[in-house]
Amino acid sequence: MSKSERITAPRGMPDALPSDMTLLRHLETTARRVFALCAYEEIRPPLFEDTRLFVRGIGEATDIVEKEMYTFAEGDAGDSITLRPEATASVVRAVIEHEFLKQKGFWKLYYIGPMFRKERPQAGRLRQFDQIGCEAIGSSEPLVDAESILLAARFFREIGLAGVTVKVNSIGCPTCRSAYREALRAALAPRMGELCPDCRNRFDRNVFRILDCKVPACKAVALAAPPMREHLDPDCKAHFETVLALLSQSGQTVAVDDHLVRGFDYYTRTVFELSHSALGARDAVCGGGRYDNLVAELGGPAAGCVGFAVGVVPTILALQKGQGAARPAAPAADLYLAAFSDDVRAEVFRLAERLRGEGVRVEMDYERRSLKAQMRSANKLGARYAIVIGPDEIAGGEFKLKEMATGVEQRLKAEAIAPALRAPTT
RNA sequence: GUGGGAGUAGCUCAACUGGCUAGAGCACCAGAUUGUGGCUCUGGUGGCUGCGGGUUCAAGCCCCGUCUCUCACCCCA
């Protein structure tokens with residue numbers, strides 16, 4: 001088969017290679033540790049869901065639902081299932097399905113896993129991408145909003161990413177938002193001519209999106225528009241102010257951004273985004289907010305919720321652009337066994353198995369290569385120790401354990417090798 | 001889906017206004033060193049120049065198509 005005929009990974013779905021895994025695992029283990037500090041528990045919903053879940057959750061008129069979902073017919077009945085484009089709806093579905101809120105009224109759940117959106121890939125955006133997310137389900141209290149934002153910020157601190165800015169806004173409840181929608185339309189209507197074609201389309205489709213358009217002319221118009229903040233009803237306003245006060249008291253710097261709106265229909269009140277300036281046009285590393293009506297909309301009881309999702313791809317990009325990415329790969333083995341001659345390979349193999357049974361990470365040569373080639377492999381592998389095994393060692397039952405960094409050797413019986421490796425480095 | 005840029009060895013890149021057998025560094029393999037890796041030196045493997053067509057005496061280079069990657073738009077983590 002010629003090179004051009006070879007099968008390659010689907011567009012926008014790259015392999016995570018061994019060299020990528022140190023960083024990926026760093027993010028995942030840090031997330032698990034930090035989320036545990038706030039008593040979050042892990043949940044792992046399926047990658048596919050009934051298509052209707054996303055249509056109802058994310059919103060029928062969103063781009064994701066309209067054109068970015070991987071949807072398949074399932075079974076004889078022709079049911080429609082979809083690879084999840086995000087996980088909040090899945091988590092909520094699971095909570096409802098398993099009657100969690102009847103067991104206790106408040107849950108903190110986190111997930112780590114791949115999402116799928118059929119978009120054109122660009123910097124920081126892929127078709128399959130990992131998200132790390134938290135959902136606090138069953139409370140409408142501003143304390144939970146604040147904790148959620150602080151938790152997201154803490155995650156980025158702990159992974160060693162500096163330069164993250166936190167933007168927050170309140171988009172109100174459905175009642176004050178629909179009032180604001182009309183006010184915004186009224187304010188923008190006379191200036192339609194100044195807007196870009198996309199924004200003229202947004203006017204009917206989702207007028208709030210005009211607020212975060214990147215076209216300079218639209219920005220100018222948006223700046224003059226009345227902010228949401230002035231249209232919040234008293235409850236929403238009080239909620240937002242409490243959240244801001246809690247953040248401030250916790251020493252968390254945030255920027256209130258009147259023009260921060262989020263794409264999904266389910267968001268209410270607090271919305272937030274964490275972004276990094278080293279990134280390109282797609283600079284968000286985390287997005288989230290409150291969604292007080294989703295549980296009820298999906299058939300559960302009334303239950304307020306707050307959550308966020310960290311984008312693993314942009315986070316890694318941001319780390320790589322700073323200094324935080326310098327994480328040397330851990331060696332894959334502690335000890336390399338080199339065979340001096342071919343007639344002892346079987347003995348080497350036996351010793352390797354014995355030591356693995358004693359918990360030592362052992363690698364050896366399987367290709368009958370020269371001693372020198374084997375030592376080169378040991379070095380490349382980063383193994384801390386090596387043992388050269390020949391007829392003398394087999395006959396005498398004593399092995400010379402060589403520390404690669406120093407060249408120092410010590411003579412040991414087979415049973416003493418594993419304990420010696422576990423001893424503190426000399 | 002729309003627009004810009006780019007595709008040469010495993011990787012990073014050369015190859016003059018179109019002109020000899022497409023080169024280098026790194027990596028890989030081996031030797032210098034017959035019981036020991038790194039450093040050094042020497043040698044070697046590795047290319048349908050993404051793919052298909054066209055122009056030309058001659059194409060890695062020009063033209064068309066196509067695919068892939070990439071950046072941006074829409075949207076979004």
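Chain A is the first sequence line, chain B the second, and so forth, proteins listed ahead of strands; every chain is numbered from 1. Any value given below was found using the heavy atoms of this structure, including those in side chains, with hydrogens, waters and symmetry copies removed.
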Requested in this report: Begin with the C-alpha distance, continue with both residues' side-chain angles, and end with the deciding distance and a verdict on ring pair (Phe, Tyr, Trp, His ring centres under 6.0 Å) for Phe48(A) and Phe72(A).
Outcome: CA-CA 10 Å; Phe48(A) 278 102; Phe72(A) 306 86; 5.8 Å; yes
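Here Arg120(A) lies in heavy-atom contact (under 4.0 Å) with a base. Residue contacts for Leu126(A): at a heavy-atom cut-off of 4.0 Å it reaches a base atom on one of the strands shown. Nucleic acid contact for Phe308(A): none, since no nucleic acid atom lies under 4.0 Å from a heavy atom of the residue. In this structure, Gly124(A) reaches the bases: a heavy-atom distance under 4.0 Å links it to at least one base atom across the strands shown. Glu409(A) comes within contact range of at least one nucleobase, with a heavy-atom separation under 4.0 Å. Using a 4.0 Å heavy-atom cutoff across all strands shown, Gly133(A) reaches no nucleic acid atom at all. Residue-level contact check: Val312(A) touches neither bases nor backbone, having no heavy atom under 4.0 Å from any strand. Using a 4.0 Å heavy-atom criterion, one finds that Ala284(A) contacts the sugar-phosphate atoms exclusively.
A perpendicular orientation is assigned to the rings of Tyr70(A) and Phe116(A), their planes being inclined by more than 60° (bins at 30° and 60°). The aromatic rings of Tyr180(A) and His231(A) are tilted relative to each other, their planes meeting at an angle between 30° and 60°.
Not counting sequence neighbours, Arg181(A) has no partner by the side chain to side chain donor-acceptor pair (under 3.5 Å) test. Every residue two or more places apart in sequence or in another chain that forms a side chain to side chain donor-acceptor pair (under 3.5 Å) with Thr51(A) is listed here: Ser80(A), Thr82(A). For Asp258(A), the salt bridge (Lys or Arg N to Asp or Glu O under 4.0 Å) partners two or more places apart in sequence, or in a different chain, are Arg229(A). Scored by the salt bridge (Lys or Arg N to Asp or Glu O under 4.0 Å) test, Glu273(A) finds Lys167(A), Arg262(A) as partners (sequence neighbours excluded). Taking the ring-ring contact (aromatic ring centres under 6.0 Å, His included) definition, one finds that Phe106(A) meets it with nothing, sequence neighbours left out. In this view, Phe349(A) satisfies the ring-ring contact (aromatic ring centres under 6.0 Å, His included) rule with no residue, not counting sequence neighbours. Applying the side-chain contact (heavy atoms from CB on, under 4.5 Å) criterion to Ala89(A), with sequence neighbours excluded, gives Leu53(A), Phe54(A), Glu86(A).
Here Glu119(A) does not pair with Arg127(A) in a salt bridge; the nearest charged N to carboxylate O distance is not below 4.0 Å.
Of all the residues in residues 386-400 of chain A, Val388(A), Asp392(A), Glu393(A), Lys400(A) reach under 4.0 Å from RNA chain B with at least one non-hydrogen atom. Of the residues in residues 192-201 of chain A, those with a non-hydrogen atom less than 4.0 angstrom from any atom of RNA chain B are Asp198(A).
Taking only distance into account, the side chain of Arg117(A) never meets the base of C76(B) through a donor-acceptor pair shorter than 3.5 Å.
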Could you pull out all donor-acceptor pairs under 3.5 Å where a side-chain atom in residues 303-310 of chain A meets a protein atom, sequence neighbours excluded?
none

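In the set A72(B), A77(B), G38(B), the nucleotide with an atom closest to the side chain of Val313(A) is A77(B).
Contact check for Cys199(A) versus Met192(A): no side-chain heavy atoms found under the 4.5 Å cut-off. Counting only heavy atoms from C-beta outward, the side chains of Leu335(A) and Leu421(A) approach each other to under 4.5 Å.
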What does the list of N/O pairs under 3.5 Å between the protein and nucleotides 40-45 of chain B look like, with a distance for each?
none

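Summarising the base pairing, C13(B) is matched to G23(B) through a Watson-Crick or G-U wobble pair whose two defining distances lie under 3.5 Å. Nucleotide A59(B) has no partner under the Watson-Crick or G-U criteria, as no pair reaches both atom distances under 3.5 Å.
Between Leu371(A) and Gln131(A), the residue whose closest nucleotide on RNA chain B is further toward the 5' end is Leu371(A). Nearest-nucleotide positions on RNA chain B for Met375(A) and Ile64(A) put Met375(A) closer to the 5' end.
Side-chain contact of Ser90(A) with Glu49(A): a donor-acceptor pair under 3.5 Å is present, judged by distance alone.
Considering only side-chain N and O atoms, Arg282(A) lies nowhere under 4.0 angstrom from the phosphate OP1 or OP2 of C73(B).
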Report task. Let me have a per-nucleotide readout for nucleotides 25-32 of chain B, 5' to 3', with B, S or -, counting only protein heavy atoms under 4.0 Å. Result -> ---SSS-B
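Taking atom C1' on both nucleotides, G5(B) is separated from G23(B) by 26 Å, rounded to a whole Å.
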